[in-house]
A.B. asks: 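Below you'll find the structure I mean.
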Amino acid sequence: MVAEISRVLIKEEEIRQKVKELGKRITYDYQNKDLFVIGILKGSVVFLADLIREISLPLEIDFMAVSSYGATTHTSGVVRIMKDLDTDINNKDVLIIEDIIDTGLTLSYLKENLLSREPASLKVCTMLDKPDRRKVQLIPDYNGYEIPDEFVVGYGLDYNQNFRNLPYIGVVNTRASA
Ligand code: 5GP
């Protein structure tokens, strides 16, 4: 399969403004709290790296890796923890940073798992949300953009591990190679 960008959905400059806005809101909401940011690998790394620099508060970061999708664009419904946190989150104000919420299966599993570790609070911040595809009830506490049901790449998001370094978010078009 050959994949190419068929159109730009969200431009680099728009993303920059949105990330600033989210950072301001988070800074306001987490005054005097013990902010602990968890990035979900690999898709959230670009968003996380930009977002934490827009949060004017002391914070800690850690990462988790889960498997929910294979090399295809279909959900498998299976969530497995491939890398767990290095740190105890008991009594911390945890903010999960995710690239995109689609069916919601990954995050609802993760939230339940993290809640069992008894953080002081647990919220979700996602760059993109595809509410049309939801299989479980899940509303992000912070969200950059609601987008239609299309497969997107860039700004950390991949198609077969490609396109993560695009500075914008685009819709990918796949076709069989000649
Ligand atoms: P969920 O469990 O919410 O269905 O899956 C969320 C995960 O699926 C995201 O973290 C991301 O890895 C992947 N995903 C869902 N939609 C898209 C998409 O449009 N593009 C890309 N690249 N990944 C997606």
Side-chain angles (χ1 to χ4, degrees), residues 1-12 14-15 18-19 22 26 36-52 61-85 89 94-116 122-177:
M1 289 282 255
V2 177
E4 56 197 28
I5 306 300
S6 59
R7 74 197 155 84
V8 175
L9 192 64
I10 309 170
K11 295 194 190 95
E12 186 174 357
E14 290 177 70
I15 295 174
K18 184 63 79 176
V19 172
L22 289 169
I26 292 167
F36 190 97
V37 171
I38 300 179
I40 310 303
L41 295 171
K42 302 174 188 165
S44 76
V45 290
V46 178
F47 178 37
L48 181 142
D50 284 346
L51 183 65
I52 57 172
I61 64 170
D62 202 347
F63 294 93
M64 285 180 89
V66 296
S67 74
S68 54
Y69 278 65
T72 70
T73 55
H74 301 286
T75 179
S76 64
V78 179
V79 178
R80 233 168 6 121
I81 294 182
M82 314 297 281
K83 184 219 168 289
D84 207 338
L85 299 174
I89 56 165
V94 174
L95 182 62
I96 305 174
I97 308 293
E98 182 58 303
D99 49 5
I100 184 166
I101 309 181
D102 188 19
T103 63
L105 290 168
T106 311
L107 266 180
S108 71
Y109 170 84
L110 267 178
K111 278 184 82 175
E112 199 178 315
N113 180 293
L114 293 171
L115 278 173
S116 73
L122 180 65
K123 287 189 178 180
V124 171
C125 174
T126 186
M127 185 63 195
L128 303 171
D129 186 10
K130 281 195 222 173
D132 297 348
R133 299 241 316 157
R134 207 66 102 249
K135 288 192 178 155
V136 287
Q137 218 215 331
L138 200 146
I139 300 167
D141 301 277
Y142 305 94
N143 176 41
Y145 297 94
E146 276 195 9
I147 61 165
D149 179 15
E150 289 183 288
F151 195 79
V152 293
V153 295
Y155 201 63
L157 287 154
D158 76 309
Y159 175 76
N160 283 348
Q161 301 304 324
N162 291 318
F163 303 114
R164 290 193 198 276
N165 57 330
L166 292 180
Y168 58 86
I169 292 163
V171 176
V172 85
N173 184 19
T174 57
R175 59 182 166 82
S177 54

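Counting starts at 1 for both ligands and their atoms, following the listed order.
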A.B. asks: List every atom of ligand 1 that sits less than 4.0 Å from any heavy atom of E98, numbering the atoms from 1 in the order shown and giving each element.
C.D. replies: 10 (O)
A.B. asks: Applying the side-chain contact (heavy atoms from CB on, under 4.5 Å) test to F36, which of I96, D62, L95 qualifies?
C.D. replies: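 Passing option: D62.
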A.B. asks: Heavy-atom contact check, 4.0 Å cutoff: does F151 meet ligand 1?
C.D. replies: yes
A.B. asks: For R133 and ligand 1, answer yes if some heavy atom of the residue is under 4.0 Å from a ligand atom, otherwise no.
C.D. replies: no
A.B. asks: Which one of L157, V152, L41 has a non-hydrogen atom at the shortest distance from atom 20 (N) of ligand 1?
C.D. replies: V152
A.B. asks: Mark up the atoms of ligand 1 that fall under 4.0 Å of a heavy atom belonging to D158, in ascending order.
C.D. replies: 21 (C), 22 (N)
A.B. asks: Does ligand 1 have any atom sitting under 4.0 Å from a heavy atom of G104?
C.D. replies: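 For ligand 1, residue contact (heavy atoms, under 4.0 Å) with G104 is present.
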A.B. asks: Going by distance alone, is a donor N or O of one side chain under 3.5 Å from an acceptor N or O of the other, for Q137 and R134?
C.D. replies: no
A.B. asks: Suppose I only count heavy atoms of K130 and a 4.0 Å limit; which atoms of ligand 1 are within that range?
C.D. replies: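 In order of number, 16 (N), 17 (C), 18 (C), 19 (O).
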A.B. asks: What residues form a salt bridge (charged side-chain N to carboxylate O under 4.0 Å, His left out) with D141, not counting sequence neighbours?
C.D. replies: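 In terms of salt bridge (charged side-chain N to carboxylate O under 4.0 Å, His left out), with neighbours along the sequence ignored, D141 is linked to no residue.
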A.B. asks: Applying a 4.0 Å heavy-atom criterion (strictly less than), which segment of L128 is in contact with ligand 1: side chain, backbone, both, or neither?
C.D. replies: neither
A.B. asks: Can you figure out which of N160, D102, T106 has its heavy atom closest to atom 15 (C) of ligand 1?
C.D. replies: D102
A.B. asks: Just which atoms of ligand 1 are under 4.0 Å from any heavy atom in E150?
C.D. replies: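 Heavy-atom distances to E150 below 4.0 Å select 19 (O).
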A.B. asks: Tell me whether K18 forms a cation-pi arrangement with Y145, defined as NZ or CZ under 6.0 Å from the six-membered ring centre and within 45 degrees of its axis.
C.D. replies: yes
A.B. asks: Output side-chain donor-acceptor pairs under 3.5 Å for residues 146-153, partner residues at least two apart or in another chain, one line each.
C.D. replies:
{"unit_1": "E150", "atom_1": "OE1", "unit_2": "R7", "atom_2": "NH2", "d": "2.6"}
{"unit_1": "E150", "atom_1": "OE2", "unit_2": "R7", "atom_2": "NH2", "d": "2.6"}

A.B. asks: I need the single residue from V45, D50, I52 that forms a side-chain contact (heavy atoms from CB on, under 4.5 Å) with L48. Which is it?
C.D. replies: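 So the option named by the test is I52.
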A.B. asks: May I ask whether K135 has any heavy atom positioned less than 4.0 angstrom from an atom of ligand 1?
C.D. replies: no
A.B. asks: Can you confirm whether T103 sits close enough to V136 that some side-chain heavy atom of one is under 4.5 Å from a side-chain heavy atom of the other?
C.D. replies: no
